[in-house]
There are 2 protein chains.
Amino acid sequence: MHLENIILQIKQRREELQITQETLAEIAEVGLRTLKQFESGKGNPTLQTITKISEVLGMELKLQIKPLNQIK
Amino acid sequence: MHLENIILQIKQRREELQITQETLAEIAEVGLRTLKQFESGKGNPTLQTITKISEVLGMELKLQIKPLNQIK
DNA sequence: TTTCTAAGTGCATTATATGGCTCTATTTTG
DNA sequence: CAAAATAGAGCCATATAATGCACTTAGAAA
């Protein structure tokens with residue numbers, strides 16, 4: 001699914017920046033448990049949660065029209 | 001905020017496609033109430049909800065690294 | 001191996017998203 | 001204009017996301 005990509009990106013980005021889940025959770029002001037669940041693919045996070053995390057990582061969610069050639 | 005852009009895009013896209021909230025909600029399989037709340041900026045929808053709605057509109061969420069010149 | 005650190009999980013509680021129903025307001029249509 | 005369609009909002013019940021705490025697991029380093 002597409003969600004997995006997002007999770008993977010977050011995880012990779014965090015690791016690139018060499019931040020632990022604990023630190024990221026603190027800075028982003030989300031519960032550590034929430035971040036752990038998210039990264040381990042367990043949850044269905046709210047937009048707010050993802051946004052908080054993304055921002056700390058210097059990322060953002062963009063909504064875009066699907067390319068036509070992407071029809072699977 | 002950035003969330004408003006997403007809401008606006010969803011709304012505009014829906015209107016371009018001339019679909020009512022009711023129809024979109026049905027096709028996307030989300031509650032009409034949920035869609036209404038989302039479009040009116042009231043909610044904090046889950047990723048699943050946004051994904052469902054986006055897909056029906058031929059859109060998708062992308063996570064990207066913020067452009068540097070975007071620092072406000 | 002032992003120790004330490006980071007990540008993942010079970011459980012319980014609280015907060016809140018979802019969704020149905022109803023009513024009102026606004027917009028569109030005839 | 002009146003009627004119909006559409007959107008927004010209040011109330012409420014249910015489902016579930018967010019969270020803390022404690023414990024387990026995995027991996028790295030000594």
Side-chain angles (χ1 to χ4, degrees), chain A residues 1-66 68 70-72, chain B residues 1-66 68 70-72:
Chain A
M1 214 258 261
H2 181 248
L3 175 42
E4 270 115 44
N5 289 325
I6 292 181
I7 295 175
L8 210 61
Q9 282 183 80
I10 294 270
K11 223 166 163 171
Q12 284 179 350
R13 176 77 171 164
R14 179 178 62 75
E15 282 161 5
E16 279 169 20
L17 298 176
Q18 299 197 315
I19 306 174
T20 63
Q21 289 179 337
E22 196 169 358
T23 304
L24 176 54
E26 274 174 24
I27 302 176
E29 296 184 294
V30 302
L32 176 56
R33 191 64 219 277
T34 303
L35 179 58
K36 282 177 186 298
Q37 274 189 5
F38 172 60
E39 281 199 9
S40 60
K42 294 286 156 44
N44 174 27
T46 61
L47 197 53
Q48 192 177 67
T49 297
I50 301 181
T51 301
K52 280 179 178 176
I53 295 169
S54 300
E55 278 182 359
V56 170
L57 297 174
M59 307 177 89
E60 64 182 354
L61 276 177
K62 281 281 187 184
L63 189 61
Q64 60 183 219
I65 298 182
K66 273 191 193 172
L68 285 181
Q70 190 179 312
I71 300 171
K72 42 158 193 338
Chain B
M1 215 258 258
H2 180 249
L3 175 41
E4 270 115 45
N5 288 326
I6 292 181
I7 296 175
L8 210 61
Q9 281 182 80
I10 294 272
K11 222 167 162 170
Q12 284 179 350
R13 177 78 170 163
R14 179 177 62 75
E15 282 162 4
E16 278 169 21
L17 299 177
Q18 298 198 315
I19 306 174
T20 63
Q21 289 179 338
E22 195 168 359
T23 304
L24 175 54
E26 273 174 25
I27 301 176
E29 295 183 294
V30 302
L32 177 55
R33 191 63 219 276
T34 302
L35 178 59
K36 282 176 185 299
Q37 274 189 6
F38 172 59
E39 281 199 7
S40 60
K42 293 285 153 48
N44 175 29
T46 62
L47 197 53
Q48 192 177 66
T49 298
I50 302 181
T51 301
K52 280 179 179 177
I53 295 170
S54 299
E55 278 181 359
V56 170
L57 297 175
M59 307 177 90
E60 65 183 354
L61 277 177
K62 282 279 188 184
L63 189 61
Q64 60 183 219
I65 297 182
K66 272 190 195 172
L68 286 181
Q70 191 180 311
I71 299 169
K72 42 158 193 330

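It should be emphasised that the depicted structure is a prediction, and the values quoted were computed from it without experimental measurement. Because only heavy atoms are used, hydrogens play no part in the values below, and waters and symmetry mates are left out as well, while side chains stay in. By convention in this document, chain letters (A, B, ...) are assigned in the order of the sequence lines, proteins followed by strands, and residues within each chain are numbered from 1.
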Excluding sequence neighbours, so at least two apart, what forms side chain to side chain donor-acceptor pair (under 3.5 Å) with [X]?
X       : answer
B/Glu39 : B/Arg14, B/Gln21
A/Ser40 : none
A/Thr49 : A/Thr46

Short side-chain donor-acceptor distance under 3.5 Å, B/Thr51 and B/Ser54 =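 Their side chains do not contain a donor-acceptor pair, so the 3.5 Å distance test is not met.
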Answer yes or no: does a side-chain N or O of B/Thr49 lie under 4.0 Å from OP1 or OP2 of C/dT18?
->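 Answer yes for this pair, as a side-chain N or O of B/Thr49 is under 4.0 Å from OP1 or OP2.
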Base, sugar-phosphate, or nothing for A/Lys52, non-hydrogen atoms under 4.0 angstrom?
->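 Nothing, no nucleic acid heavy atom in range.
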Shortest non-hydrogen contact from B/Gln9 to A/Leu63?
->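 Shortest heavy-atom contact: OE1-O, 2.8 Å.
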Between [X] ([atom1]) and [N] ([atom2]), how many Å, whole number?
X       : N      : atom1 : atom2 : value
B/Gln21 : C/dT26 : CD    : P     : 15 Å
A/Lys42 : C/dG8  : NZ    : C1'   : 7 Å
A/Asn44 : C/dT16 : CG    : P     : 17 Å
B/Gln18 : C/dT27 : CD    : P     : 18 Å

Near DNA chain C, under 4.0 Å by heavy atom, which residues of residues 22-38 of chain A?
->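 A/Arg33, A/Lys36, in order of number.
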At the 4.0 Å heavy-atom cut-off to chain A, mark where contacts on DNA chain D begin and end, going 5' to 3'.
->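 Extent of the interface on DNA chain D: D/dA17 to D/dC21.
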Of B/Pro45 and A/Ile19, whose nearest nucleotide on DNA chain C comes first from the 5' end?
->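 The residue mapped nearer the 5' terminus is A/Ile19.
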Give every donor-acceptor pair under 3.5 Å between a side-chain atom in residues 27-34 of chain A and any protein atom, sequence neighbours left out.
none

Is a side-chain donor or acceptor of A/His2 paired with a backbone partner of B/Leu61 at a separation under 3.5 angstrom?
->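 Yes; at least one donor-acceptor contact below 3.5 Å.
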Whether over 12 other heavy atoms sit under 6.0 Å from A/Glu22 CD =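 No, not enclosed.
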